[in-house]
Asks: 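The structure follows.
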Amino acid sequence: MRYVKVALNLPLDQLFRYKVPQKLAAQIKVGKRVLVPFKRRKLVGFVVEEAKEEDFEGLKEVISIVDEFSPLEDDLFRLGRWISDYYCSPLGQTLHAIVSIQYPFKADKGATTRKHLSSYKDVEEPPSFLKEEKVVLFQTENWQERTDLYLELIEKVLSRGKQVILIVPEVSYIPFLKRKIQAHYKNGLSVFHSRLTPKQRYLEWQRMRRGDVELVIGTRSAVFAPFPNPGLIIIEEEESLSHKQREIPRYHTREVAIKRGKIQNFPVVLVSQSPSMESWWQARKGNYKLVEISRGKDNFPLVEIVDLRKEKDRLFSTSLKRSIEKTLKEGELTLLFLNRRGFANFLLCRECGEVLRCPNCNIGLTFHLKGRLICHYCGYEEDAPRICPSCKGRHLYQVGVGTEQLEMEARKKFPEARIRRADLDIIDTSLAYRKLLDELGKIDLLIGTGLIIKEEILQRAKLVGVVLLDNLLNLPDFRAGEWTFQVLTKIRNLIKKEGRLIIQTYNPTHYALTAIREGRGELFYEKEMDLREELGYPPHLHWTRILLEGRGKGEVEEVAERIRKELEAERVNFLGPSSCPFGRIKRRYRYHLILRDKDPARLREILKRKLYLLFKHFHNVRVIIDVDPLRTM
DNA sequence: AGCACGCCGACT
DNA sequence: GTCGGCGTGCTC
């Protein structure tokens, strides 16, 4: 009798053993999907290893085999084991994320023609940097450079009979890129992302597996494209936070791509206008090859930094106002960037000092026009009161500025201008976004949040005003400086080169601003790295965050304390426990501890040996392990 | 995760 | 007296 261990799509670090019935014995092997009985359910799982016959009575039998092919070849299986180990995610859930297709949909047989990849000859030389380097970090300034680069790389790799994976941060990036590339490669192109229907997903996946596809463009899960012979992965906007999966397994696509490249022996190209500190640091140490394509700072637009402490008008400094007037006269587009929607950030009672907060999240409620108070975290809404709920005071101050108020002020100041606002309250569908793009030619002044920091919008702007940089710079996360630098770099690189970037701030001497003004990114990276080193932040140290969420404050605190005690016995470097910067979201209290070490393996070892056992006993507290977290708010 | 078992409140 | 609330426990 044969027995196998099966990994199920459950949040359990456990494998389950099943008997292999005689009639299935010939087909069952590691990497195959099987249907198994589980309690009163039937679940799909992966055969992970053969099991020895043991003194375990009552093993159930495998019901059937799901696919005739093997959905998880050896290399991807190894990758899955690595992800499961590195990111502390259950193997079953990890493998199910890698093979993200459901039950077989019948493909039209014969509809596709199989290409004979083996008939390609290894005649063309790969670009020289791809020969000796495993990871290349490409720093470019615009789309044209990047698409040219992609086309060249793709061609070289395809000519050697290998396939290419191109990863973008979000689905919305795909149509534009697809159009550019389609002109060159029509048949062997596939698109793969989470918004495909299960059937489309299945069919695309099969096309890739059979060798009918040479190039796939997709989001995170495309990193697991089941190509017979992958030759290159390109990661577009490698610094984007979207590359990190928010659900289990919480992997970073960039790191997974690099690991896959190591396993299957192919290079990985990271592309960015302003690399993440992580990638910059790797390049700095010589682990990645850095290739810069730059027009040189003489071709940058003018950058002006306005010290708001010396201005009378907190929204429109003299200089910004003058520049807008000039740009309006020229009939060119102005963008005003303000990273906060709504009218005012919060309402403050002048008599008792209380701020009106969300009952679920304890975060200041944002004041919107039409007199509504809205929580930007959970969506809670209420009518704004006239008098303070805690002291009955009559003077509720609107503190801080949002895009609504900026729009109102702009309409007063520039009555003839055609003004539009673009934030999540207005651009709530991809259709609305499309419409905005179509109508861009009929807009003089576009006011928006992060939504407008896109190449297709920025490239049409002559003037960009960053209304209040401090909103970004002062976010409660140690990466706030890095994010700020990245946003400013993007704006500077992408707007018209004869244009102007005006940055208004109360902190005009910040090193990110110096670096932007002088067009010398290294000033930012060097200084930021010094700080990260001094304070024990990534990438100098690896972090693993243990996030605890629960309805009862006391319970969460108790759990946090127990973990603290365990960690203290381990003599590991850690922060906390402390309340998260956003200490309560959707009625759940949030506490975290942050483990730090140069060697991430040490942190994993502690988690697995000690804490896992402990986690089992917490009931009303959810434990979230985030390895290499990108946000710690 | 999901699904059952289990022991306490308002209902025909 | 029952229907059902969701706490906790287990799944090869």
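Sequence lines set the chain letters: A, B, ... in the order given, protein chains first and strands last, and positions in each chain run from 1.
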Asks: Can you tell me the distance, in whole Å, between the CE atom of A:M1 and the P atom of C:dC12?
Replies: 16 Å
Asks: Can I get a per-line list of side-chain donor-acceptor pairs under 3.5 Å for residues 545-556 of chain A, giving both atom names and the distance, sequence neighbours left out?
Replies:
{"residue": "A:R545", "atom": "NE", "partner": "A:H592", "partner atom": "ND1", "Å": "3.0"}
{"residue": "A:R545", "atom": "NH2", "partner": "A:H592", "partner atom": "ND1", "Å": "3.1"}
{"residue": "A:E549", "atom": "OE1", "partner": "A:R622", "partner atom": "NH2", "Å": "2.9"}
{"residue": "A:E549", "atom": "OE2", "partner": "A:R590", "partner atom": "NE", "Å": "3.4"}
{"residue": "A:E555", "atom": "OE2", "partner": "A:N620", "partner atom": "ND2", "Å": "2.9"}

Asks: Rounded to the nearest angstrom, tell me the gap between atom NZ in A:K5 and atom P in C:dT11.
Replies: 17 Å
Asks: Without decimals, in angstroms, what is the distance between A:F16 CZ and B:dG2 P?
Replies: 14 Å
Asks: Do A:E238 and A:S279 pair up side chain to side chain, a donor and an acceptor below 3.5 Å, judged on atom types alone?
Replies: yes
Asks: For A:Y251, run the side chain to side chain contact (heavy atoms under 4.5 Å, CB included) check against A:Q245, A:K244, A:H243 and tell me which one passes.
Replies: A:Q245
Asks: Please list, one pair per line, the donor and acceptor atoms closer than 3.5 Å that link side chains of residues 33-44 of chain A to other protein atoms, with sequence neighbours excluded.
Replies:
{"residue": "A:R33", "atom": "NE", "partner": "A:D67", "partner atom": "OD1", "Å": "2.9"}
{"residue": "A:R33", "atom": "NH1", "partner": "A:I101", "partner atom": "O", "Å": "2.8"}
{"residue": "A:R33", "atom": "NH2", "partner": "A:D67", "partner atom": "OD2", "Å": "2.8"}
{"residue": "A:R33", "atom": "NH2", "partner": "A:Q102", "partner atom": "O", "Å": "3.1"}

Asks: How would you label the contact of A:L8 with the nucleic acid (heavy atoms, under 4.0 Å): base, sugar-phosphate, or nothing?
Replies: nothing
Asks: Mind calculating the distance between CG (A:L10) and C1' (B:dG2) to the nearest angstrom?
Replies: 9 Å
Asks: Quick check on contacts: within residues 34-46 of chain A, what sits under 4.0 Å from DNA chain B by heavy-atom distance?
Replies: A:K39, A:R40, A:R41
Asks: For the pair A:R602 and A:E605, find out whether any cationic side-chain nitrogen is under 4.0 Å from an anionic carboxylate oxygen.
Replies: no
Asks: Check the distance between C:dC12's C1' and A:E50's CD and give it to me in whole angstrom.
Replies: 16 Å
Asks: Roughly how many Å is it from CD1 in A:I63 to C1' in C:dC12, rounded to a whole number?
Replies: 12 Å
Asks: How close or far is atom C1' of C:dC10 from atom CD of A:Q14, stated in whole angstroms?
Replies: 9 Å
Asks: Roughly how many Å is it from CG in A:L12 to C1' in C:dC12, rounded to a whole number?
Replies: 12 Å
Asks: For the aromatic rings, using the six-membered ring if either is Trp, is the centroid distance between A:H96 and A:F46 under 6.0 Å?
Replies: yes
